[in-house]
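First the structure, in the form of structure tokens, and then the observations on it.
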Amino acid sequence: EAGVAQSPRYKIIEKRQSVAFWCNPISGHATLYWYQQILGQGPKLLIQFQNNGVVDDSQLPKDRFSAERLKGVDSTLKIQPAKLEDSAVYLCASSRFSGATLNEQFFGPGTRLTVL
Amino acid sequence: SQQGEEDPQALSIQEGENATMNCSYKTSINNLQWYRQNSGRGLVHLILIRSNEREKHSGRLRVTLDTSKKSSSLLITASRAADTASYFCATDRNQGGKLIFGQGTELSVKP
């Protein structure tokens with residue numbers, strides 16, 4: 001079974017530029033998550049999709065971040081415009097379904113974003 | 001907001017020794033999970049313990065859960081250099097699968 005794919009692996013941009021990340025979850029996984037992980041901290045959930053609907057985006061800075069999951073498969077996360085504090089690793093994860101008792105999440109390798 | 005707090009923040013041991021990491025959380029949970037993150041890589045799920053379980057084993061891993069104290073511990077026995085990584089606890093509060101991660105424990109196992 002192929003894992004969660006993410007691209008690019010690394011991205012360096014200047015502040016006020018825009019950037020987009022792509023994620024392809026494990027086939028058949030209904031739930032997709034985007035996390036932000038700042039150096040030295042644990043991952044923080046930005047947004048959760050169930051199929052192509054948003055379940056939780058309470059911690060997504062909506063003035064600059066947006067995400068979509070068209071057709072309920074792959075997803076893109078966009079930042080526009082980027083700020084210095086957006087420098088982090090952006091992790092995508094998927095799980096078979098949400099709300100289950102045993103909700104193991106499978107993570108991609110992440111995209112390391114550096115904002116200069 | 002971070003749900004879990006892990007202790008210690010960093011741990012350095014010799015190969016063959018046991019490593020114990022602790023996690024405390026604030027609210028009631030559905031289950032608690034432990035993940036490992038190697039340098040520069042994504043997180044890998046290690047073990048899940050349900051709120052009605054007290055102890056669980058998987059290979060060299062042993063996890064305990066004390067819901068009265070809102071705490072969990074992860075024990076790695078007979079550690080190896082390959083166990084060097086950051087370990088995170090994550091709590092599931094039955095909010096549609098949402099996980100809240102702790103700050104992590106950075107484990108270094110010296111050969």
Side-chain angles (χ1 to χ4, degrees), chain A residues 2-7 9-10 21 23-26 29-51 53-60 88-112 114, chain B residues 1-10 21-26 28-53 56 58 63 65 72 74 85-106:
Chain A
V4 176
Q6 288 188 249
S7 69
R9 291 294 310 278
Y10 305 91
F21 313 125
C23 172
N24 190 30
I26 293 173
H29 280 195
T31 308
L32 184 147
Y33 312 80
W34 282 103
Y35 289 87
Q36 180 193 58
Q37 185 176 22
I38 292 172
L39 186 65
Q41 297 182 17
K44 181 184 84 171
L45 180 70
L46 292 176
I47 189 167
Q48 176 183 346
F49 291 94
Q50 174 79 9
N51 296 311
V54 175
V55 174
D56 187 333
D57 64 355
S58 57
Q59 297 197 82
L60 186 73
V89 176
Y90 291 84
L91 295 164
C92 179
S94 69
S95 63
R96 197 166 294 277
F97 40 78
S98 67
T101 303
L102 306 178
N103 179 39
E104 175 185 349
Q105 295 185 19
F106 296 82
F107 284 79
T111 296
R112 183 177 298 275
T114 302
Chain B
S1 62
Q2 301 283 34
Q3 159 82 314
E5 292 185 4
E6 280 149 284
D7 164 53
Q9 289 190 345
M21 289 159 268
N22 303 297
C23 169
S24 61
Y25 56 92
K26 298 174 185 173
S28 61
I29 61 172
N30 184 38
N31 65 69
L32 185 144
Q33 305 179 29
W34 286 89
Y35 287 79
R36 181 186 70 220
Q37 186 174 39
N38 293 94
S39 178
R41 297 182 63 180
L43 286 91
V44 174
H45 181 266
L46 295 176
I47 195 165
L48 179 152
I49 186 164
R50 302 179 198 186
S51 60
N52 61 354
E53 296 177 312
K56 202 161 183 181
S58 176
V63 170
L65 179 65
S72 173
L74 171 68
S86 293
Y87 292 81
F88 295 90
C89 68
T91 52
D92 179 347
R93 295 187 288 174
N94 201 21
Q95 294 177 332
K98 177 178 178 177
L99 290 180
I100 300 180
F101 284 81
Q103 301 273 42
T105 293
E106 194 173 328

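Computed from a predicted model, the values in this text were never measured in an experiment. Letters A, B, ... mirror the listed sequences (proteins, then strands); counts begin at 1.
Looking at heavy atoms from C-beta onward, B:Gln37 lies in side-chain contact with A:Gln37 at the 4.5 angstrom threshold. Within the 4.5 Å cutoff, side-chain heavy atoms of A:Ser58 are placed close to those of B:Lys98.
Sparse packing is recorded around CD of B:Gln9, with 12 or fewer heavy atoms of other residues, nucleotides or ligands lying under 6.0 Å away. Counted within 6.0 Å of CD on B:Glu106, heavy atoms from surrounding residues, nucleotides or ligands total 12 or fewer; the atom is thus considered open.
Under the side-chain hydrogen bond (donor to acceptor under 3.5 Å, both in side chains) criterion, B:Tyr87 pairs with no residue, sequence neighbours left out.
A pairwise comparison of heavy atoms in B:Leu43 and A:Phe107 identifies O-CB, 3.4 Å as the closest pair.
Atom-to-atom distance recorded for A:Gln105:CD and B:Leu48:CG is 10.5 Å, nearest 0.5 angstrom.
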